[in-house]
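FYI, the numbering just counts along the sequence from 1.
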Amino acid sequence: MFDFLAFLAIIILFILLMDTRGRLKRAEATLLEAARRIGALQRGAAPPVTGEATAEVAAAIHETAVPVQGQPAVAAEATPLSARSADPVEAPDTISAPPLPDVAAAPAPKPRKAPVPAEPPVSLASRFENLFGKTLPIWAGGLTLAIAGVLIVRYAIDAGFFARIFTPGVQIVTGLLFGLALIGGAEYAWRNEEKLRDVRVPQALSGAGIATLYAAIMVAANVYQLIGPLLAFLALALVTAAALGLSLRFGPPSALLGLAGGLAAPAMVGAVEPNVPLLAVYLALTIAGLAGVARARRWPWLALAALIGGIGWGLWMVLASAALDVVGALSIGGFVLLLAIALPMMAFDGPRSTLLRAASAIVGAFQLALLVGYGGFAPLHWGLFALIAAAGQWLAWRERGFAIVPTISLLLSLALLVAWSDPTPFWFGLIGLSLLIIHALPLLIRLWAVPKKLRPALELCAIALAAAPLTKWHFWDIADGALALIALGGALLAATGIARGWKVEGRTSDGRVAWLAATAGALLALAILLVIPAWLAPLGIAAVAIALIFFGKAALDPRIERVAAGFIGTALIALVATPRALVELPRLIEGANGADTMALVRWAGLAAAALLFAVRGEGPIVRRLGQIATALFAYGAFAQVLPANALMLVPALGGAAVLLAARQVPFSRVDGAAASLAVLSLTWAALPIAIWSTKASLSLVGMPMQFDDTLLTVEPLLLRLLLPALLFAIPVWLVRDALPRWLRIAALSLAAIVGGVALHSLYRLGFAATAGGDFVETGILQRLIWEALLIGAGRFAMSRGLTGLARPLIVAGTAHALFYGLILHNPLWSAQAVGGWPLINLLIPLFLLPWLGLTRMPPLFAKAPAQLDRAIQIATMLLVAGFAWATLRQLFHGSLLAQPGVTEAENILRSILILALALGFLLWGIRAKRHDWRIASLVLMIGAAGKVFLFDASGLEGLARIGSFVALGFSLIGIGWLYSRQLAPDRDAAPAPA
């Protein structure tokens, strides 16, 4: 309690300090304005008086007027400023009136005081001395005296010798006399203010006296039982009235010190077990009196301090009282209700009053919630909490600024119901129903009020959703039917909110109906799940989704449609969360060994529900989600009855049917389903394509592709790749005008890639079955046939005007021929059989086929770059040179050109061949006017000469490459009084004579 007292003292001293700072600022402003005004008057100009210092400036100007000897004093207010400003200003030492010879009765001019120089600014040291030497000691002394009065009473209890001398009655009388003496001293100080010249002394004494009287009465009633409760209440009421009167007389400090003493009195006698009802009544009277003073004098800070102290005491009474009887509980409840509701309504006014009142109500609700929890969830405590909850609803109905109070009360209600340990069904139902009425009924009334707010609807949804889980939480063995009825009751509550606003104009402009519909749907689905078999759970939720989509159309609210779509997603979760999912989900990949009727009903039912969204949905997002769900659920339904080999074609067949439907309906009505089925089909194709891609990647580094995997056999290639690619590509081509260009190109490209992988794999399998799988003997032939098929198909497509199809075919065939046939597996350095007959072998097609592909490149591109033709000419030169070199090699080595060794004749013929090629290039360059060929001829001739004179004679010595590079109490009042006399200006000092 002493810690609480110290904390309270700090708060009071802080408030006083802030009040002192404000007073000092106003005094300084007044003095400066007065000095400026006086100086202006003496100079002959009177500036307007502004600000709060008007009255003080007028008084200061009045004091500057000194009556002339023998003339009556004239008030400054009686003389106009213009007349006074025209008076002559003399030197400071001589003031005289000008001669007026013709006017005998003219009054003499009024002598004036010398101008008062402006005071220098107050230094920091002076301010420090004024604050800690003059201001704070007096208030601290008053608070100390108040505490001293309480300690005297407590000492009278604890000191043995003192107790033997003074009987309890004498002790109480002594305390009362001490308190009255302090109040008398305050009155004396007030009446002799001219001597003390500090109004804070009577304020401190009166506050200390009030606190002492409070303590004496509390001890007499609660410790010694010298007076009964009724008499104690009357005495406390009398002291409270006295505090009210003294506060009105002595000002804010007296009220603050009375507050401190009054709130500290129970703490000082806290060693004795308190009487909770008496303490609650005492605190209520004390705080009510201070709130009354605050209201009368417009001191909201006093009411706020009193309420904070009362809240602290209320919290202490709740936590410190282990077992409360009926009277104690009612006392605490009444005290909290008084602080939370009644006193804030009386004490606070102004722009911030609503915030303060709402905060008080919320704190009161928290305190009563603690009372319910600490009191063992007794019905009486629940009644008190229900009372403050109802009061919060009344406040929210009275003023809009209190709307947060019922919300906090609702959250506290739900938290208490969750934390309630072992409730009986009767009391749980009664209290839950009472809280439901308190919170739900006002929400239903205010739900569609103006202005529109979403929070009441959300709170109503929370109430509706909480009933069933709370009941299940406390009564785990409750029957499913009973719990379903509770869920239906919550759904009915949400539906009632919708019904109340059905004819409200503009109800579709916000999400209130959607939130309520979602809540009602969720509770209806819960009730359905509680009464149907578990395997039908997805269909029960889907039924609610269907009901919601039709309700959304009737309500003309597109948000409800999206809510209904969310229930389809929930149905999917229920589908995979039920035990049957362990059997049904593997069939999506493995297929079914036989028909499963229950599984078919589950998946087909969800597909039908999703189809309704795809067809009847108005929003594009909902429609597409419906299409996607329909495709997925329909595939799942087929998976429950079809084997894997047939299931592979279901997405492709479905996708083809959906795409062909785009000829009759807008493509946007089927695009989601088509994309979903395409993804399913690609999922089936993913594993074979991944295996093929791995082998193809390895072939880029020289490892021949071996089709030895089971997924790269004929059946998977047909069912997973080729047929699905055709089933998608053909409808896409047929409905190409209905598709966006980018989508058409992407779809056809994807189908071409999948189909190309299948065709390549099937070709390799067929070639291996026909010609064998020896890579050395058949590698060139196998590649040539494949490349010829690609380039030939490209040339055929080009002849038909299908440039978009011809371009990838020709480019792929040409690139394949150049990379695999002439770079990676060139027979000159890789063991590849070309044939044993000279000129009648595979060398001619090996070098001719890429040239045919290269020469068809420019027509493939509308704007072929100029460099493309030059690149083709260079490639042609290399092909010619490579063919001639390989042919010469074949003449000497037969079918395998990569055999080691060069004969002398071959070496000489190589030189001759180079010269012949140079000559041929030159002649062709002259005839075709090709500069590149002539340059190539020159290069070949230089090469031939160099070979003869250098390489044929001696070996080539290599050159070494060299390179290197080097890096965040009475003594206090006395001190204050002395400082006050030393620091205050002497107001009785007469001005210096002129």
Side-chain angles (χ1 to χ4, degrees), residues 586 588-591 644-645 647-649 651-652 655 677-729 746-791 793-794 808-827 829-832 850 853:
L588 300 178
I589 301 174
E590 301 171 357
N645 289 342
L647 186 62
M648 297 177 186
L649 292 176
L677 294 170
V679 170
L680 287 174
S681 187
L682 286 174
T683 303
W684 278 106
L687 193 54
I689 290 177
I691 297 173
W692 182 91
S693 299
T694 302
K695 293 180 177 293
S697 299
L698 293 175
S699 71
L700 295 176
V701 294
M703 296 182 62
M705 294 182 67
Q706 300 294 330
F707 290 80
D708 52 358
D709 194 279
T710 55
L711 290 176
L712 295 181
T713 56
V714 175
E715 184 178 357
L717 291 172
L718 289 173
L719 298 178
R720 291 175 180 250
L721 301 180
L722 185 58
L723 290 178
L726 292 174
L727 288 172
F728 273 102
L748 291 174
S749 300
L750 190 59
I753 292 172
V754 175
V757 170
L759 289 174
H760 178 264
S761 302
L762 291 171
Y763 165 74
R764 291 291 302 272
L765 291 173
F767 185 89
T770 303
D774 190 344
F775 180 73
V776 174
E777 293 294 332
T778 62
I780 293 180
L781 182 59
Q782 173 230 307
R783 290 195 299 273
L784 287 174
I785 296 174
W786 177 248
E787 293 157 4
L789 289 173
L790 292 176
I791 296 174
L809 291 173
I810 294 177
V811 170
T814 304
H816 193 279
L818 289 172
F819 180 76
Y820 284 101
L822 299 178
I823 297 176
L824 192 62
H825 298 298
N826 194 310
W829 51 77
S830 175
Q832 298 280 278

Could you grab the distance from atom [atom1] of [X] to atom [atom2] of [Y], nearest 0.5 Å is fine?
X: L721; Y: I753; atom1: CG; atom2: CD1; answer: 12.5 Å
X: L790; Y: I785; atom1: CG; atom2: CD1; answer: 12.0 Å
X: L711; Y: S761; atom1: CG; atom2: OG; answer: 11.0 Å
X: L717; Y: L765; atom1: CG; atom2: CG; answer: 6.5 Å
X: R783; Y: T778; atom1: CZ; atom2: OG1; answer: 9.0 Å
X: R764; Y: F707; atom1: CZ; atom2: CZ; answer: 5.0 Å

Scan the side chains in residues 683-692 for donor-acceptor partners under 3.5 Å anywhere in the protein, sequence neighbours excluded, and list what turns up.
unit_1	atom_1	unit_2	atom_2	d
T683	OG1	V679	O	2.7
W684	NE1	Y635	OH	3.0
W692	NE1	H760	ND1	3.2

Without placing hydrogens or testing angles, list every side-chain donor-acceptor pair under 3.5 Å for residues 808-820, not counting sequence neighbours.
unit_1	atom_1	unit_2	atom_2	d
T814	OG1	I810	O	2.8
H816	ND1	E787	OE2	2.7
Y820	OH	S699	OG	2.8

For D774, enumerate each residue passing the salt bridge (charged side-chain N to carboxylate O under 4.0 Å, His left out) test, keeping only those at least two apart in sequence or located in another chain.
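Once residues adjacent in sequence are excluded, D774 has no partner under the salt bridge (charged side-chain N to carboxylate O under 4.0 Å, His left out) criterion.
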Check side chain to side chain contact (heavy atoms under 4.5 Å, CB included) between P586 and all other residues, then give those that pass, not counting sequence neighbours.
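With sequence neighbours excluded, P586 shows a side chain to side chain contact (heavy atoms under 4.5 Å, CB included) to E590, given in chain and number order.
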Grab the two heavy atoms, one from [X] and one from [Y], that are nearest each other, plus how far apart they are.
X: Y763; Y: L781; value: OH-O, 4.3 Å
X: A652; Y: F728; value: CA-CE1, 3.6 Å
X: S681; Y: P724; value: OG-CB, 3.3 Å

Not counting sequence neighbours, which residues clear side-chain hydrogen bond (donor to acceptor under 3.5 Å, both in side chains) with N645? List them please.
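Listed in chain order: E715.
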Can you list every pair that meets salt bridge (Lys or Arg N to Asp or Glu O under 4.0 Å) and has a residue in residues 700-712, with sequence neighbours left out?
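Listed once each, the pairs are K695-D708.
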